[in-house]
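See structure below.
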Amino acid sequence: MAGRYGFAKGLKELRFLFCQTAEHSSVTRSFLTRAYPIMKKNNPTIPIMLREAQGTLPRVYARYEFGREKAESLEGLSDKQIEEAVTKLVKDDANAQQTIT
């Protein structure tokens, strides 16, 4: 798993939004409890932000060079699917498109 979290050179920030108590964010919280230490250890200089807000649906945002951003909903995904979505975002800086909503 350590190789999965070697972030792309163009990645500048990874941001997770989720609810700290709601059931729809429970898998995201579990994933972050397990994966955050590995991601941070492998990428100590890249900010990985965890934003908790009541009622927020789980999402992950990746910000790349030149202000480009990609977002992915994590709602209803399993731990493995979240890992795949995050891995795709942190590796895929070349195809980033601006998706600010």
Side-chain angles (χ1 to χ4, degrees):
M1 181 171 58
R4 288 181 175 237
Y5 296 123
F7 294 174
K9 182 180 175 184
L11 185 71
K12 299 299 179 191
E13 171 186 292
L14 191 62
R15 190 169 62 249
F16 291 89
L17 280 70
F18 56 97
C19 179
Q20 64 269 44
T21 57
E23 184 63 33
H24 58 71
S25 291
S26 65
V27 179
T28 301
R29 290 191 306 269
S30 173
F31 168 78
L32 289 170
T33 300
R34 177 182 61 80
Y36 177 84
I38 298 165
M39 288 189 284
K40 198 59 188 171
K41 180 180 178 187
N42 290 323
N43 307 282
T45 60
I46 297 179
I48 303 171
M49 294 183 276
L50 309 179
R51 301 290 188 230
E52 299 176 316
Q54 191 66 32
T56 301
L57 295 176
R59 293 185 69 81
V60 61
Y61 292 86
R63 187 173 55 82
Y64 306 95
E65 292 178 318
F66 309 112
R68 293 176 300 160
E69 257 191 29
K70 280 181 92 174
E72 192 77 37
S73 174
L74 304 177
E75 185 179 12
L77 299 181
S78 69
D79 188 89
K80 182 174 174 61
Q81 290 170 319
I82 291 174
E83 184 169 331
E84 290 168 358
V86 171
T87 299
K88 181 181 172 194
L89 283 176
V90 300
K91 299 279 187 190
D92 191 24
D93 69 337
N95 297 321
Q97 298 174 354
Q98 197 163 348
T99 59
I100 300 171
T101 55

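Numbers here simply count residues along the sequence, with the first being 1. Not measured: the values here are computed from a predicted model.
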Original post:
Do Ile48 and Phe7 come within less than 4.5 Å of each other through their side chains, counting heavy atoms only?
Top reply: yes
Subject >> Reported CZ-to-CD1 distance for the pair Arg63 and Ile46, which is rounded to 0.5 angstrom >> reply: 10.5 Å
Subject >> Side chain to side chain, Leu74 and Phe31, heavy atoms closer than 4.5 Å >> reply: no
Subject >> Spatial distance of atom CD (Glu75) from atom OG1 (Thr56) [nearest 0.5 Å] >> reply: 11.5 Å
Subject >> Student check: side-chain heavy atoms of Val60 and Leu14 closer than 4.5 Å >> reply: yes
**OP:** Mind running salt bridge (Lys or Arg N to Asp or Glu O under 4.0 Å) on Glu72 and Lys70 for me, showing each step along the way?
**Re:** CA-CA 7 Å; Glu72 192 77 37; Lys70 280 181 92 174; over 6 Å; no
**OP:** In sequence, state the C-alpha distance, the side-chain angles, and the governing distance for Cys19 and Glu52, and then conclude on side chain to side chain contact (heavy atoms under 4.5 Å, CB included).
**Re:** CA-CA 5 Å; Cys19 179; Glu52 299 176 316; over 6 Å; no
**OP:** Check whether Leu57 and Leu89 end up in the same hydrophobic cluster, where Ile, Leu, Val, Met, Phe, Trp and Tyr are linked by side-chain heavy atoms less than 4.5 Å apart.
**Re:** no
**OP:** Determine yes or no for a side-chain-to-main-chain donor-acceptor pair under 3.5 angstrom, with Lys40 supplying the side chain and Ala35 the backbone.
**Re:** no
Original post:
What is the distance from atom CG of Asp79 to atom CZ of Arg34, rounded to the nearest 0.5 Å?
Top reply: 4.0 Å
**OP:** Would you confirm whether Ser78, through its side chain, and Gln81, through its main-chain N or O, come within 3.5 Å as a donor-acceptor pair?
**Re:** yes
Original post:
Is Val27 close to Phe18 at the side-chain level, that is, under 4.5 Å between some pair of heavy atoms?
Top reply: no
Original post:
Does the distance from a Lys or Arg side-chain N to an Asp or Glu carboxylate O, for Glu84 and Lys88, drop under 4.0 Å?
Top reply: no
**OP:** Determine, stepwise, if the pair Glu69 / Arg15 fulfils side chain to side chain contact (heavy atoms under 4.5 Å, CB included).
**Re:** CA-CA 11 Å; Glu69 257 191 29; Arg15 190 169 62 249; 3.2 Å; yes
Original post:
Between atom NZ of Lys12 and atom CD of Glu65, what is the distance when rounded to the nearest 0.5 Å?
Top reply: 4.5 Å
Original post:
If only atom types and distance count, is the side chain of Thr33 paired as donor or acceptor with the main-chain N or O of Arg29 below 3.5 Å?
Top reply: yes
Original post:
Heavy atoms, side chains only, cut-off 4.5 Å: are Tyr36 and Phe16 in contact?
Top reply: no
Original post:
If you measure from OG1 on Thr87 to CE on Met39, what distance do you get to the nearest 0.5 Å?
Top reply: 9.0 Å
Original post:
With hydrophobic residues grouped by side-chain heavy-atom distances under 4.5 Å, do Met49 and Val90 end up in a single group?
Top reply: no
